[in-house]
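Report on the structure given below.
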Amino acid sequence: MAEEEKPETGFVKEIRKQSQDFPGWYNDVVRKAQLADNSPVAGTMIIRPYGYALWENIRDPLDGLIKETGHENWYFPALIPLSFLQKEKDHVAGFEPEFQLVTKGGGKDLEEPLVLRPTSETMIATVLRDYIQSYRDLPVLTNQWNNIFRWELRTRFFLRTREFLWQEGHTFHETAAEAEEEVAKMLDCYRRIAEEWCAIPVLTGRKSETEKFAGAQYSTAIEGMMMDGKALQMGTSHYFGENFTRAYDLTYTGRTNERQYPHSTSWGMSTRMVGAVVMAHGDDSGLQLPPRIAPVQVVIIPIFRGDAERSQIETALQQVRADLEDIRVKVDWRDERPGFKFNEWELKGVPLRIEIGPRDLAKGEATVVRRLNRAKQTIPLGELGVAIPALLEEVQGALFRRAREFREGHTVRVDSLDALVRFFETSIGFAVTAWCGREDDERTVKKRTTATTRVILSSRRPEQPCAVCGRPATVEVAWGIAY
RNA sequence: CGGGGCGUAGCGUAGCCUGGCUAACGCGCAUGCUUUGGGAGCAUGAGAUCCCGGGUUCGAAUCCCGGCGCCCCGACCA
């Protein structure tokens, strides 16, 4: 086997080039930036403090949105009796290949195997059967933050592991309309987290029949484009109708004293978002974090020789730190050379760096450098308290715009199967077509391009015939090569 | 589950074919001195059941047999 090339040029010598080996680059960045590492158990990973802090900065605002929209956090057990999973036939068919089973307890075979939760619809429907009696009990709006187990074959840091973290919301409603509104509302929360916090523009819409969640009537998703042009599903929101409540015999007494099945939904966003941030913004120097979610927003590198200069800087930094008290600031006093620190914090994606040395102090200034483009500027020390928050906002916006331009520059409209095939042979990105919705067409396209339908674009209506088969089109769909 | 590769210090590797000194090198780690505005230099030092088990041999990291583990490529998925 040929030896792997690890180019040694440029600012970062330790990671592979994004343009030459995207998966290798991704792996190197995740490990060198100390987001995560391999664990002793195949297919699972260690989330390190820097990676976990990044996750928390995504998780916390999402938790806020979930609570603002009226949901309450619960906790349900991770062990689910196998028989629970088996009651909804599409659901079990979809998830069974990925079950991780517990078959022994206390050294003895269990009467019934327990499944480590691959998702909790079945447990929650079973439990809530006892809590939902009357239409007066509805809606029930639950959420839980937990870990999920699925026996994935091909695993990758954050994107697909055999255990991962997420939130799963499960709600129960009196009417279909209310449940469908819930599905849309939560998808929009995901869109906001992706776009406003993670600076990743997303397409939103329904999934095709083949791509929908096992057991759903329909699924919706947010779909982003990574720097290699591949599509990443970053959050899903599903409408179940009465599928699960019927399968679990979950009923309530309605306003006219009749037994009714609630309409239910579920929706989830996972630690996969961390991988999305890496792949949407990173470059050859490493991570590039949007300020709103960066664990460290500003790193200060003191530059000095000798104790006298050091204490001068310490004194100056007291005021600077006070002026930046609402900002996540890290002062790096480690006994390393400044150049080493510059490179390391760029690798870790910190949006802004402040250098303060004797030359700056003499002029009452600081040198401020953006991770985005390494642009340097000097700012009077007294103005940092105003200038830094403004710069962080500017960088947040610039990252989003750059990602949006990238996506728009890699999205084309095509109107024939040949054009679709040619696009995926010669380009990367999304191709948008009119489509009739038949699964046959998806199989045809997948066979010829490996691309699949990502989302049915809700905002546009078809005018032309289906690009794949020429039949009358019913939707506009975005095709892409998915992670 | 089918095809290919690899297990030697925390990490990356050399040594193995053709058995023989105290198992070598780089990174990292520790200590000291000199350094510090884009990945520092020197010196000293610590660190290895050579994946496991068996066999061949005077002698095994090296050869033979068996096992285990991991990685990469093809069918599922937040």
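All of these numbers come straight from a predicted model, not from anything done at the bench. All chains are named by letter (A, B, ...) in the order of the sequence lines, taking the proteins before the strands, and each is independently numbered beginning at 1.
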To the nearest angstrom, how far is [X] atom [atom1] from [N] atom [atom2]?
{"X": "A:E96", "N": "B:C77", "atom1": "CD", "atom2": "P", "answer": "14 Å"}
{"X": "A:K32", "N": "B:C27", "atom1": "NZ", "atom2": "C1'", "answer": "9 Å"}
{"X": "A:Q34", "N": "B:G28", "atom1": "CD", "atom2": "P", "answer": "14 Å"}
{"X": "A:E152", "N": "B:C1", "atom1": "CD", "atom2": "P", "answer": "18 Å"}
{"X": "A:W267", "N": "B:A78", "atom1": "CH2", "atom2": "P", "answer": "17 Å"}
{"X": "A:K212", "N": "B:A78", "atom1": "NZ", "atom2": "C1'", "answer": "18 Å"}
{"X": "A:N343", "N": "B:G39", "atom1": "CG", "atom2": "C1'", "answer": "5 Å"}
{"X": "A:N27", "N": "B:C72", "atom1": "CG", "atom2": "C1'", "answer": "12 Å"}

Who does [N] pair with, Watson-Crick or G-U, both distances under 3.5 Å?
{"N": "B:G12", "result": "B:C25"}
{"N": "B:G74", "result": "B:C1"}
{"N": "B:G47", "result": "none"}
{"N": "B:G66", "result": "B:C52"}
{"N": "B:G37", "result": "none"}
{"N": "B:A60", "result": "none"}

Mind telling me whether A:F164 and A:W166 have parallel, tilted or perpendicular rings, with 30° and 60° as the class edges?
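Perpendicular, since the angle between the ring planes exceeds 60°.
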Heavy atoms from C-beta onward define the side chain here; which of [options] lies closest to that of [X]?
{"X": "A:L153", "options": "B:G37, B:A75, B:A78", "result": "B:A75"}
{"X": "A:F340", "options": "B:A75, B:G37, B:G39", "result": "B:G39"}
{"X": "A:R154", "options": "B:G38, B:A78, B:C73", "result": "B:C73"}
{"X": "A:P338", "options": "B:U36, B:G38, B:A78", "result": "B:U36"}
{"X": "A:A42", "options": "B:G38, B:C77, B:C70", "result": "B:C70"}
{"X": "A:P358", "options": "B:A78, B:G37, B:G38", "result": "B:G37"}

Within a reach of under 6.0 Å around CG of A:D307, are more than 12 heavy atoms found that belong to other residues, nucleotides or ligands?
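Not more than 12 within 6.0 Å, no.
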Inter-nucleotide [atom1] distance ([N], [M]), Å rounded:
{"N": "B:C17", "M": "B:G7", "atom1": "P", "result": "14 Å"}
{"N": "B:U49", "M": "B:U8", "atom1": "P", "result": "11 Å"}
{"N": "B:G5", "M": "B:C27", "atom1": "C1'", "result": "24 Å"}
{"N": "B:U56", "M": "B:C65", "atom1": "P", "result": "15 Å"}
{"N": "B:A14", "M": "B:C63", "atom1": "P", "result": "15 Å"}
{"N": "B:G15", "M": "B:U62", "atom1": "C1'", "result": "9 Å"}
{"N": "B:G3", "M": "B:G67", "atom1": "P", "result": "16 Å"}
{"N": "B:C51", "M": "B:A75", "atom1": "P", "result": "34 Å"}

Please round to the nearest 0.5 Å and tell me the distance separating atom CZ of A:R48 and atom CD of A:Q34.
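So the gap between those two atoms works out to 4.0 Å.
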Distance check, rounded to the nearest 0.5 Å: A:C198 atom SG versus A:L54 atom CG?
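Rounded to the nearest 0.5 Å, the SG-CG separation comes out at 7.5 Å.
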Judged by each residue's nearest nucleotide on RNA chain B, which is more toward the 5′ side, A:T236 or A:E336?
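The residue mapped nearer the 5' terminus is A:E336.
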Could you say whether A:V41 or A:P97 is positioned toward the 5' end of RNA chain B, judged by the nucleotide with the nearest heavy atom to each?
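The residue mapped nearer the 5' terminus is A:V41.
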How would you label the contact of [X] with the nucleic acid (heavy atoms, under 4.0 Å): base, sugar-phosphate, or nothing?
{"X": "A:A221", "answer": "nothing"}
{"X": "A:G268", "answer": "nothing"}
{"X": "A:I301", "answer": "nothing"}
{"X": "A:T161", "answer": "base"}
{"X": "A:T119", "answer": "nothing"}
{"X": "A:Q233", "answer": "sugar-phosphate"}
{"X": "A:E168", "answer": "nothing"}

Side-chain ion pair, A:R191 and A:D188, N-O less than 4.0 Å
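Salt bridge flag = yes for A:D188 with A:R191.
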Are the charged groups of A:E195 and A:R404 less than 4.0 angstrom apart, N to O?
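Not counted as a salt bridge, because no side-chain N and carboxylate O are separated by less than 4.0 Å.
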Side chain of A:R371, backbone of A:L287: donor and acceptor closer than 3.5 Å?
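Answer holds: yes.
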Would you check if the side chain of A:R117 reaches a backbone N or O of A:F76 as a donor-acceptor pair within less than 3.5 Å?
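It does hold such a pair.
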Return no unless some side-chain N or O of A:R305 is found under 4.0 Å from OP1 or OP2 of B:U36.
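The answer is yes; a side-chain N or O of A:R305 sits under 4.0 Å from OP1 or OP2.
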Would you say A:R337 places a side-chain N or O within less than 4.0 Å of OP1 or OP2 belonging to B:G41?
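Checking B:G41 against A:R337, no side-chain N or O comes under 4.0 Å of OP1 or OP2.
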Look at the side chain of A:R353 and the base of B:G38, then say whether one donor and one acceptor between them are separated by less than 3.5 Å.
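Counting by modelled atom types and ignoring angles, a donor-acceptor contact under 3.5 Å is found here.
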Any donor-acceptor pair under 3.5 Å joining the side chain of A:E344 to the base of B:G39?
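Flag unset: no donor-acceptor pair detected.
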Has A:F164 got its ring stacked on the base of B:A78, with centres under 5.5 Å and planes less than 30° apart?
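Yes, A:F164 stacks on the base of B:A78.
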Cation-pi check for A:F342 against A:R353: NZ or CZ below 6.0 Å from the six-membered ring centre and within 45 degrees of the axis, yes or no?
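Verdict for A:F342: a cation-pi partner in A:R353.
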